[in-house]
Amino acid sequence: MIRGSAAFEAAITHTHRIAVSATAVMAGRDVATDLPIVGGQVSVDADKFVRRTASLEFVERLSPARRALQSLLERPGMRLQIDKGVAFPSGQAELLPVHHGLCDEVDASSGKGRITVESPDLGMLVSLDRFPSPTASTARSTVINQVRALVGHSVPFVDFRSTAVGAQVVPRVTWEKNRNDAVGALAVSIGCETFAAPDGGWLLRPTSSLWGTPVWTATEGASLIRLSRRTSWADVRNAWAVRAERSGGGSYYGYAEDTRPTSPTYVGGSFGRRVGFYSSPLLVSNAQCRMTAVSLLARQQGKRESVSFAAIGHPGLEAGDLVCVATQDQTLYLILDKFTVPLFKATIEDASARSMTPPDLEGMD
């Protein structure tokens, strides 16, 4: 989650005047600011490599300006930086980044008075930059540096930031086609997730856990406006088997399961044993396989909570963030999987999440 100033954080939890800004960016440099954006939303999905997709609408105003704006947005390699925040009564505004993406689809149909843009984030550049021939990992490179190199090849101007720890070395592997699959698998091999950030950077960070501290809270009667829930246990796995088969010899294995008798997903309880499987040539020891199994177990233990709510939302939220939703009857801890940020409304909407209640979590300590 991206935080604002103390004044911003105080204002964002109440009704406030929204400020939105759109900037055209080329090769890491701002080429046009204060673009006439009048509508749009940003959809965020942690299950996709291209995590953020924006649907944006710009006003036409005058025809010469329209032609200039259309020509600008249609330039190959053009990107858009979208920021959203608070317009204070003083006339000043504070904005946080909510999207940085490509101008790959520009629609300026005559007579409509609008120019629309569909904008995927920078993950699209990594996905499209497939390996033209089989490509080997870099000898003696750490996982962090290998991710940095693979992403940097596709997005040379990106600001790569990592909060991952450890110096796990990448084994000798060869990738056939998809660079995004290689990047994602490398992150998983050290218990992390990696994605294009809304400020135009790139993040590698540890996967969030339900046992952390919530970064944002929506409370009934205050910021929480509406809540509906649908619970599903169908995708929950309370045991994980992880295996690595090495072409040069060696087979490694790790296993983790929910062994807490007080847990709702205890393998010896009424929930039963539901085993997930994962394999990767990037795993080079039984200990690493075990670590990966423990990480996958932490990510999948929570019941799948499909939450639809309207709340006065924080524009700095990211998919994968741990948040708290408190009603009069119950407090839910949620790891956001998907949500939508309307640019000109103060809410976040259409959210889905993995969830457990505090009593569930206490039983899993």
Side-chain angles (χ1 to χ4, degrees), residues 1-25 28 30 33-35 37-44 46 51-54 56 79-101 119 121-122 158-163 193 195-206 208 212-219 221-225 309-326 333-336 338-351 353:
M1 182 177 186
I2 302 173
R3 297 283 187 183
S5 67
F8 181 96
E9 296 296 325
I12 205 72
T13 60
H14 303 89
T15 301
H16 58 275
R17 185 178 167 210
I18 297 169
V20 177
S21 149
T23 301
V25 180
D30 294 354
T33 59
D34 297 325
L35 300 181
I37 187 168
V38 293
Q41 65 180 29
V42 180
S43 300
V44 190
R51 181 172 285 211
R52 289 179 181 248
T53 302
L56 308 171
R79 304 177 192 172
L80 287 171
Q81 175 65 52
I82 309 299
D83 302 309
K84 177 182 176 180
V86 175
F88 295 107
S90 64
Q92 295 183 324
E94 182 176 349
L95 306 173
L96 297 183
V98 294
H99 181 71
H100 186 102
S119 174
D121 69 30
L122 297 184
V158 79
D159 174 23
F160 185 90
R161 306 187 293 271
S162 172
T163 57
E193 59 181 354
F195 53 90
D199 62 355
W202 194 281
L203 297 183
L204 175 68
R205 71 178 188 181
S208 300
T213 301
V215 298
W216 178 74
T217 298
T219 305
S223 56
L224 182 64
I225 300 168
F309 64 89
I312 299 176
H314 196 295
L317 284 170
E318 180 58 73
D321 282 346
L322 176 64
V323 303
C324 175
V325 174
Y333 285 2
L334 311 170
I335 291 182
L336 288 175
K338 303 177 184 179
F339 61 96
T340 299
V341 182
L343 292 181
F344 289 89
K345 294 171 63 177
T347 57
I348 63 171
E349 301 173 352
D350 303 325

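Keep in mind that the numbers below use all heavy atoms, side chains included, and drop hydrogens, waters and symmetry copies. These numbers were taken from a predicted model, which means no experiment stands behind them.
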Of the options Val42, Leu122, Val341, Ile2, which is the one that meets Pro198 in a side chain to side chain contact (heavy atoms under 4.5 Å, CB included)?
Ile2

Is it the case that the side chains of His99 and Gln81 hold a donor-acceptor pair, with the cut-off being a distance below 3.5 Å and no angle test?
no

Looking at every heavy atom in both Ile82 and Ala22, which two are closest together, and how far apart are they?
CD1-CB, 3.7 Å

With heavy-atom distances below 4.5 Å as the criterion, would you say the side chains of Phe195 and Glu318 are in contact?
yes

Carboxylate-amine/guanidinium proximity below 4.0 Å for Lys84 and Glu94:
no

Shortest non-hydrogen separation from Leu95 to Val20 and the atoms involved
CD2-N, 4.4 Å

Correct closest heavy-atom pair for Ala11 and Val86 would be CB-CG1, 4.0 Å

Leu80 and Leu56: side chain to side chain contact (heavy atoms under 4.5 Å, CB included), yes or no, with the steps?
CA-CA 10 Å; Leu80 287 171; Leu56 308 171; 3.7 Å; yes

Could you go through the ring pair (Phe, Tyr, Trp, His ring centres under 6.0 Å) check for His314 and Phe8 one step at a time?
CA-CA 10 Å; His314 196 295; Phe8 181 96; 5.7 Å; yes

Compare all side-chain heavy atoms of Ser119 with those of Thr53 and state whether any distance is below 4.5 angstrom.
no

Please name the pair of heavy atoms, one in Arg161 and one in Asp159, separated by the smallest distance, quoted to 0.1 Å.
NH1-OD2, 3.0 Å

Minimum-distance pair of heavy atoms, taken over all atoms of Asp321 and Gly316:
OD2-O, 4.4 Å

Supply the atom-to-atom distance Asp34 CG to Ser21 OG, rounded to the nearest 0.5 angstrom.
6.0 Å

Residues in salt bridge (Lys or Arg N to Asp or Glu O under 4.0 Å) contact with Asp83, at least two apart in sequence or another chain:
none

Does this structure show an ion pair linking Arg52 with Asp199, if we count only N-O contacts that are shorter than 4.0 Å?
no

Do Met1 and Trp216 have side chains that approach each other closer than 4.5 Å (heavy atoms only, starting at C-beta)?
yes

Give a yes or no on whether a salt bridge exists between Arg51 and Glu193, defined as a side-chain N under 4.0 angstrom from a carboxylate O.
yes

Smallest separation among heavy atoms of Phe344 and Gly39, with atom names:
CE1-N, 3.4 Å

Any chance you could measure Ser43, atom OG, to Asp121, atom CG, to the nearest 0.5 Å?
11.5 Å

Scan Val323, Val98, Leu96 and name whichever one has a side chain to side chain contact (heavy atoms under 4.5 Å, CB included) with Leu317.
Val323

Say you draw a straight line from CD1 of Ile312 to NZ of Lys345; how long is it, rounded to the nearest 0.5 Å?
12.0 Å

Report yes if the side chains of Leu343 and Ile37 come closer than 4.5 Å at any heavy-atom pair, otherwise no.
yes

So do the side chains of Val325 and Leu334 get within less than 4.5 Å of each other, counting heavy atoms only?
yes

Which is it for Leu204 and Phe160 under the side chain to side chain contact (heavy atoms under 4.5 Å, CB included) test, yes or no, and what are the steps along the way?
CA-CA 8 Å; Leu204 175 68; Phe160 185 90; 4.0 Å; yes

Taking salt bridge (Lys or Arg N to Asp or Glu O under 4.0 Å) as the definition, give me every residue that meets it alongside Arg79, ordered by chain and number, with sequence neighbours left out.
none

Atom CZ of Arg17: over 12 foreign heavy atoms under 6.0 Å
no

